[in-house]
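Written out below as structure tokens is the structure these notes cover.
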Amino acid sequence: MKQLIYILLILIFVVSCTSNTIYKKPDNLIPEDEMVDLLVDLQLALGAKSIKNIQGKKNIDYMYLVYEKYQIDSTRFAESNFYYMSDIDKFNKILKKSKNKLQKMKEEYNKIKKDKDSVNKPSRGEIRDKMRPSVSSKDTTLIVN
């Protein structure tokens, strides 16, 4: 996520230094709410690249799946992204929404993980029982003097 933010900030800086012009709205502009979802999915795809998949493969590019999901191509994304970046207020709003969505997803994941861990975590009684030596029926003979 940091990489995407740094790239976007650099682009914002370059655009803001060149001019204060808001560029012409592209004909195939991605709507703001869809752009938020798209940025979230792109960030997840970037993050998944560094993690091994089910087959144990790493460094797989999942970006094409995001483009397929939204039925767009990289050119349409680039044009829409450039347009939104030319209006800093809109772009900041989109970035904040996408960051909040990612944060909520992270919190939900952590909650599920915590719940799952607590289900698998043995209780104090189970720990105590495991620490006691087990006594079999053979060991219970009564010694009488």
Side-chain angles (χ1 to χ4, degrees), residues 1-140:
M1 178 164 165
K2 288 181 181 179
Q3 284 179 322
L4 181 64
I5 291 174
Y6 289 130
I7 291 170
L8 293 174
L9 289 175
I10 290 170
L11 290 172
I12 289 170
F13 179 75
V14 169
V15 169
S16 65
C17 288
T18 57
S19 71
N20 291 331
T21 307
I22 297 176
Y23 292 94
K24 180 181 164 260
K25 186 175 182 179
D27 296 332
N28 56 358
L29 181 69
I30 299 169
E32 282 186 48
D33 56 333
E34 190 174 330
M35 191 69 168
V36 170
D37 295 336
L38 178 62
L39 288 175
V40 168
D41 288 342
L42 285 173
Q43 187 57 46
L44 292 174
L46 281 172
K49 189 174 184 176
S50 64
I51 297 174
K52 289 182 182 179
N53 65 7
I54 294 173
Q55 291 85 23
K57 295 179 181 177
K58 205 173 179 181
N59 292 328
I60 298 174
D61 187 17
Y62 296 105
M63 300 297 265
Y64 75 95
L65 294 172
V66 176
Y67 293 140
E68 259 182 38
K69 177 180 176 181
Y70 292 94
Q71 299 176 347
I72 62 169
D73 58 4
S74 60
T75 306
R76 182 174 176 206
F77 170 70
E79 288 173 353
S80 297
N81 197 39
F82 188 73
Y83 171 75
Y84 287 124
M85 284 183 1
S86 70
D87 185 351
I88 299 299
D89 294 331
K90 271 187 188 179
F91 197 64
N92 279 334
K93 185 174 142 186
I94 290 171
L95 286 178
K96 281 182 183 179
K97 284 182 180 180
S98 61
K99 182 180 177 184
N100 290 339
K101 269 192 160 186
L102 285 167
Q103 188 63 37
K104 284 180 185 177
M105 291 171 83
K106 181 180 178 184
E107 289 169 5
E108 288 174 17
Y109 171 78
N110 287 338
K111 183 182 181 304
I112 291 169
K113 187 174 186 246
K114 183 180 176 185
D115 291 346
K116 185 178 178 184
D117 288 346
S118 67
V119 168
N120 294 334
K121 188 176 179 181
S123 66
R124 286 186 178 185
E126 290 174 340
I127 293 173
R128 202 176 320 113
D129 292 342
K130 287 181 181 179
M131 292 176 74
R132 288 185 186 155
S134 61
V135 180
S136 66
S137 60
K138 294 177 185 176
D139 294 338
T140 57

For this session: Check whether the side chains of D41 and Y70 place a donor and an acceptor atom closer than 3.5 Å, and report yes or no.
Result: yes
Could you grab the distance from atom [atom1] of [X] to atom [atom2] of [Y], nearest 0.5 Å is fine?
X    : Y    : atom1 : atom2 : result
L42  : K69  : CG    : NZ    : 10.0 Å
K96  : F91  : NZ    : CZ    : 13.0 Å
Q43  : M105 : CD    : CE    : 11.0 Å
K113 : K106 : NZ    : NZ    : 11.5 Å

For this session: May I ask you to check whether over 12 heavy atoms, not counting those of D27, lie within 6.0 Å of atom CG?
Result: no
Within the structure provided, determine whether [X] and [Y] are in side-chain contact (heavy-atom separation under 4.5 Å).
X    : Y    : value
D73  : Y67  : no
N110 : E107 : no
I60  : K49  : no
F77  : M35  : yes
M85  : N81  : yes
K24  : Y83  : no
E79  : L29  : no

Exercise. Under 3.5 Å, side chain of Y84 to main-chain N/O of E32, donor-acceptor pair present?
Worked result: yes
Exercise. Would you find a donor on one side and an acceptor on the other, under 3.5 Å apart, between the side chain of S50 and the backbone of G47?
Worked result: yes
For this session: Could you check D37, L38, L39 and say which one makes a side-chain contact (heavy atoms from CB on, under 4.5 Å) with V66?
Result: L38
Problem set entry | salt bridge (charged side-chain N to carboxylate O under 4.0 Å, His left out) between K93 and D89, intermediate numbers included | CA-CA 6 Å; K93 185 174 142 186; D89 294 331; over 6 Å; no
Problem set entry | Shortest non-hydrogen contact from K101 toward V36 | CD-CG1, 4.1 Å
